[in-house]
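Only this structure's heavy atoms are used, side chains among them; waters, hydrogens and symmetry mates stay out. The sequence lines fix the lettering, A, B, ..., with proteins before strands; numbering per chain opens at 1.
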Amino acid sequence: MAQNNIDRIKDHVELFHQEEYQELFAGKKEFEGGHDPDLIAQTAEWTKTWEYREKNFAREALTVNPAKACQPLGAILAAVGFEGTLPFVHGSQGCVAYFRSHFTRHFKEPFSAVSSSMTEDAAVFGGQNNMIEGLANSYSLYQPKMIAVCTTCMAEVIGDDLQAFITNAKAAGSVPQEFPVPFAHTPSFVGSHITGYDNMIKGILGNLTKGQKAETTNGKINLIPGFETYIGNLREIKRIASLVGVDYTLLADNSDYLDSPNDGEYHMYQGGTTLEDAADSINAEATIAFQAYSTVKTRDYIEKDWKQPTSVVRPMGIRGTDEFLIKLSALTGKPIPKELEEERGRAVDALTDSQAWLHGKRMALYGDPDLVIGLVQFLLEIGAEPVHIVVTNSNADFEKELQALLDTSPFGAGATIWGGKDLWHLRSLLFTEPVDLLIGNSYGKYLWRDTHTPLVRIGYPIFDRHHLHRYATYGYTGAINLLNWIVNTLLDELDRNTIVPSKTDISYDLIR
Amino acid sequence: MTPPELSTLEETTPEETLTIADKKELIAEVLEAYPDKAKKKRAKHLNVFEEGKSDCGVKSNIKSVPGSMTTRGCAYAGSKGVVWGPIKDMIHISHGPVGCGYYSWSGRRNYYIGTTGIDSFGTMQFTSDFQERDIVFGGDKKLSKLITELDELFPLNRGVSIQSECPIGLIGDDIEAVAKKSAKEIGKTVVPVRCEGFRGVSQSLGHHIANDAVRDWVFPQYDKEKKAGNVPDGTEYDVAIIGDYNIGGDAWSSRILLEEIGLRVVAQWSGDGTLHEMINTPSVKLNLVHCYRSMNYISRHMEETYGIPWLEYNFFGPTQIAESLRTIAARFDETIQAKAEEVIAKYEAQTEAVIAKFRPRLEGKTVALMVGGLRPRHVVPAFYDLGMRLIGTGYEFGHNDDYKRTTHYVEDGTLIYDDVSAFEFEEFIKELKPDLVASGIKEKYVFQKMALPFRQMHSWDYSGPYHGYDGFAIFARDMDLALNSPTWSLIGAPWKKAAETTA
């Protein structure tokens, strides 16, 4: 009998491996019209070959398992970094259900966003009525301090004009005239989620800072995280800035929103950068962005409209963090505190402790452009060798920058940047030119299964492991976290490969 | 091991003290937060069920109120995500920009057996990744080329479906023409599906459109084969499982019971299903429909066109399982009927053990549900079997016929909410204080922050199966572990609690 032990109820993990279900599976095959098992096996083998790889890389129209999402996802992540802000997505409503589910599965937190729920009639007549009604309803129900509007591809294809619609909605009394409703057009057929982040941050800052330019600076430094999914990074940035004694504004800070305490009460809006601070960001001394390719337009806008210097640092690994501290110190004239120097020393100590297990290890990695640059910085520092670097949402500037980074180190000599490629391409790369370790998001587990390349989960989304997003990958603390995940995954794999008694377990060492 | 009983869960819930009039008052209060126009619209979707009424007294399957934070998805989600996606040996192209396919990639736990990427494709994401030029110049050429490429790279695919995203219908692409041409070229089934996300008011229209695509692009192949005399005569006991998506293996823990009573399950729609099974379905003697909402269309079509009767059944909880097995068996001869009794008897000990263990731990606990188009009524008897009480339920995308069917499952005074907004749901739950909320991922952490035990009722919270006798044991275990977790008692700092008591 299937559930034969009431104290050990079997779910899908075990239940279906019992005899009665195995028989059921065998019986079902009769009706499936499946292929001959030998043909399946042969075909599976063929997909591992160079011949298949060439065919795979020759495709021009088909994308399989891409490592990128679309613009509005990034836009609403930007929006929830501001105090009391409700993201409002103008267009079809299914998109919002998808975005909310996606973030919720990653962060294991509530994520609120509304849709203007456009349907066929809006496709014909435009979505202005949906905007007017939607703003009125969301303003009444959810009492936000700001509503940040972006678009789905439906609204973009039919050419809805957000500026005009919002003006008209205000005229119709949906929200008060002075109520901030920044917006960004975020077509999903242009760029990716990181483009959407850029557009929304620019839209929000442009709206809030209007008329706020003062005669003198406020002495602060603006810090823009980019499409950041590590809450630990936001907290680490703030901690470092506080330690150095920098007066800063994080634009924007979604750390409390995406990691709120459970005190028995649900609050839709948690923390966030105040609208006052955001408005005053125009008067800062300078802006530092931690990602380049999710802040291209925003930085350009800050440079040109605010006449404020901007720079990009990626505080990943030792030198990346060094650069951040030096930058902070240079901008503020404050010395780098001893505490951080000691942290640096401890992180470097950790790296030297583990270096023997990392040296010359061949790595494959994929992710967003800035994440990949940060990881490559780190890998080169520890003597690992990036081999396959896949970035689906790549661009020419990024590839140039990454190549220059790879060229700085002999450990980067064996790397190829595969811009615009997807995870099915990476599968071919891993079969034909195997590596020791794969770094990527949860979707990397399919590559792990197929190619047996051990996976370190770093990136977005991470659905199948808990709490990794709570950690930092930035700063010296982050360097230790990265090191911990990477070296211990390699050591776990080593144990797995030496675990057969009287066969491989000669190397099943206690001390490593 | 049995975890310790907890004292933190209240013995009685406020809900019990509320009359129907109180609950109607609650609805009115909650509606006050809306502007007038929206208030008027939403008022029609909220009600309290009164015993003896023939329906729940709510309007449904109407456009969501803009800005209300509906939980609903879109037609694409209904077609690609629900109906077509699980057909494992076909490649389902998310045709349009990259997002829709990305967000729905591997999200739904439609289990299947097969070698992914070789003869099965369920947990993969195939997309035409539209760029601006595709919007401007149209995507038909790209689509046609893409199908050629995927057939070369995945030669064991049995066919292709084209799942339209919003732009396709707006830019005037002719995917039907591409489908016909490509089908000839690769010599396989190519199904165009017009499930653009802006069509209709929810996932529901996507189900309908997907059903129609099966009718128009798959069944003609059956007709052709039948005419040519290539369809073998089935047995008297041939049935199909319709509307089981095999979440966590649900269809398997259902199929095993149907096989045990002597039926021959020829096809599974669509969890762990194949194109071949789909094509052969019109040869069955009876269609067994689990998810009525998403598959009633094709069932009715098969009834009208092929004379195949269909029967709704419910495999949640032993009471309904036994009743369903008997109802199904009654459509067949005495052998099947006798076997149905044997099967019911066979699982009796297992079920009794489950109830003996878990019912005392769950007895009297209240639950509020909000799911898609079937479970807001279908899972209720499983809760009843465990001694739990339903105090509120509603559908994301149910229709009037669903609310009519719901009346057989709910008690007098149950709060009914259709297409509930985040605001309404939160307010209702705050007031009714159920012991357990059972809904979706978007709701889960809202209520867990409110210190309320929660189970996802779409994905089974990564557990399952919940169908059938084997599934019921898992269901009972999971409700217990949600309700009786010691973690809930940690919420709230003790010094704060102490301060509150003395204040």
Side-chain angles (χ1 to χ4, degrees), chain A residues 1-3 6 9 11-12 15-16 21 24-25 31-33 35 40 43-44 55-56 59 61-66 68-70 92-94 97-98 100-102 104-105 108-110 114 116-120 123 130 133-134 136-138 140-141 153-154 157-158 188-190 262-264 266, chain B residues 33 35 38 63-69 72-74 77 97-99 102-103 113 115 118-119 124-127 129-132 135 142 145-146 149-150 153 156 166-167 170 197-198 248-249 256 266 274 276-277 350 353 357 423 441-442 445-446 449-451 463-464 470 473-474 477 491-492:
Chain A
M1 182 78 67
Q3 300 285 10
I6 191 65
I9 287 169
D11 60 24
H12 56 90
L15 182 67
F16 298 127
Y21 282 100
L24 179 148
F25 295 153
F31 306 104
E32 290 189 335
H35 294 279
I40 296 168
T43 309
K55 223 182 219 320
N56 190 8
R59 64 185 146 100
L62 173 67
T63 299
V64 186
N65 299 351
K68 66 170 180 180
C70 68
S92 308
Q93 72 191 9
Y98 277 143
R100 294 178 64 207
S101 299
H102 215 256
T104 301
R105 286 172 179 150
K108 305 203 187 296
E109 292 289 325
V114 298
S116 62
S117 296
M118 285 163 65
T119 59
E120 287 100 332
N130 298 66
E133 218 187 307
N137 291 335
S138 52
S140 290
L141 286 181
C153 54
M154 178 207 181
V157 171
I158 65 172
S188 51
F189 44 84
V190 175
N262 193 331
D263 56 7
Y266 167 63
Chain B
K63 272 194 235 175
S64 298
V65 171
S68 67
M69 211 178 309
R72 282 174 170 177
C74 63
V98 73
Y102 192 74
Y103 306 121
I113 301 217
T115 310
I118 309 301
D119 72 336
M124 295 176 70
Q125 213 266 89
F126 296 87
T127 174
D129 187 13
F130 261 33
Q131 301 300 303
E132 200 149 22
I135 300 288
K142 186 176 200 178
K145 188 173 188 183
L146 180 160
E149 288 177 358
L150 68 77
L153 288 169
L156 302 191
C166 285
L170 299 170
F198 61 81
I256 201 163
V266 170
T274 64
H276 191 257
E277 290 171 55
Q350 175 176 319
K357 175 167 181 181
F423 175 80
I441 185 67
K442 300 189 292 295
Y445 301 101
V446 169
K449 295 275 183 205
M450 291 162 67
S463 177
D470 290 342
I474 303 163
R477 178 197 72 178
I491 295 171

message: Over 60° means perpendicular and under 30° means parallel, so tell me whether B:Tyr102 and A:His102 are parallel, tilted or perpendicular.
response: tilted
field: Residue A:Ile9 versus chain B: region with a heavy atom under 4.5 Å
entry: both
- line: Closest non-hydrogen contact found for A:Met154 with B:Phe198 is CE-CB, 3.5 Å
message: Keeping A:His35 on the side-chain end and B:Leu156 on the backbone end, is there a donor-acceptor pair under 3.5 Å?
response: yes
- request: Could you tell me the separation between the CG atom of A:Asn262 and the CD1 atom of B:Ile491, rounded to the nearest 0.5 Å?
  value: 4.0 Å
field: When A:Leu15, A:Val64, A:Asp263, A:Asn56 are compared by non-hydrogen pairs under 4.5 Å with chain B, the top option
entry: A:Val64
- prompt: Which of the residues B:Ala38, B:Gly492, B:Ala77, B:Pro97 is involved in the greatest number of heavy-atom pairs with chain A at under 4.5 angstrom?
  reply: B:Pro97
query: Do A:Gln3 and B:Ile474 have side chains that get closer than 4.5 Å, going by heavy atoms?
result: yes
- prompt: Among B:Leu153, B:Leu150, B:Ile135, B:Thr274, which residue forms the greatest number of heavy-atom pairs with chain A at distances under 4.5 Å?
  reply: B:Leu153
- request: Look up atom CE in A:Met118 and atom NZ in B:Lys63, then write down how far apart they are to the nearest 0.5 Å.
  value: 10.5 Å
- prompt: So, does B:Glu149 use its side chain to make a donor-acceptor pair with the main chain of A:Ala61 at under 3.5 Å?
  reply: yes
field: Closest non-hydrogen atom pair between B:Ile441 and A:Arg105, with its separation
entry: CG1-CG, 3.9 Å
query: Pick from B:Gln125, B:Lys145, B:Lys142: which one has the most heavy-atom pairs with chain A under 4.5 Å?
result: B:Gln125
field: Exam field: side chain B:Glu132 to backbone A:Val190, donor-acceptor pair closer than 3.5 Å
entry: no
message: Could you go through B:Val98 and A:Thr63, starting from their C-alpha distance and side-chain angles, then the distance that decides it, and tell me whether this counts as side chain to side chain contact (heavy atoms under 4.5 Å, CB included)?
response: CA-CA 9 Å; B:Val98 73; A:Thr63 299; 5.6 Å; no
- line: To the nearest 0.5 Å, atom SG of B:Cys74 lies from atom CD of A:Gln93 at 8.0 Å
task: Kindly compute the distance separating OH (A:Tyr21) from CD1 (B:Ile113), expressed to the nearest 0.5 Å.
output: 12.0 Å
- line: Scored by heavy-atom pairs under 4.5 Å with chain B, the best of A:Glu133, A:Glu109, A:Glu32 is A:Glu32
task: Could you tell me whether the side chain of B:Met69 reaches within less than 4.5 Å of the side chain of A:Leu141, counting heavy atoms only?
output: no
- request: Check whether any side-chain N or O of A:Asn65 sits under 3.5 Å from a backbone N or O of B:Met124 as a donor-acceptor pair, and report yes or no.
  value: no
message: How close do B:Met450 and A:Tyr266 get, counting heavy atoms only, and between which atoms?
response: CG-CB, 3.6 Å
- request: Could you pull out the closest heavy-atom pair between B:Phe126 and A:Leu62, with the gap in Å?
  value: CD2-CD1, 4.1 Å
- request: Taking all non-hydrogen atoms of both residues into account, name the closest pair between B:Lys442 and A:Ser101 and its distance.
  value: CG-OG, 3.6 Å
field: Proximal component of A:Ser92, with respect to chain B [non-hydrogen, under 4.5 Å]
entry: side chain
statement: Ranked by heavy-atom pairs below 4.5 Å to chain B, first place among A:Ser138, A:Pro110, A:Cys153 goes to A:Pro110
Interatomic spacing from CD1 in A:Ile158 to SG in B:Cys166 - rounded to 0.5 Å: 10.0 Å
message: In the structure I gave you, are the side-chain heavy atoms of A:Pro66 and B:Thr127 within less than 4.5 Å of one another anywhere?
response: yes
message: If I compare all heavy atoms of B:Gly99 with all of A:Cys70, which pair ends up nearest, and what's the gap?
response: CA-SG, 3.7 Å
- prompt: Between B:Ser64 and chain A, which part of the residue has a heavy atom less than 4.5 Å away: side chain, backbone, both or neither?
  reply: both
query: What residue, out of B:Pro167, B:Ala33, B:Gly248, B:Pro35, has the most heavy-atom pairs lying under 4.5 Å from chain A?
result: B:Pro35
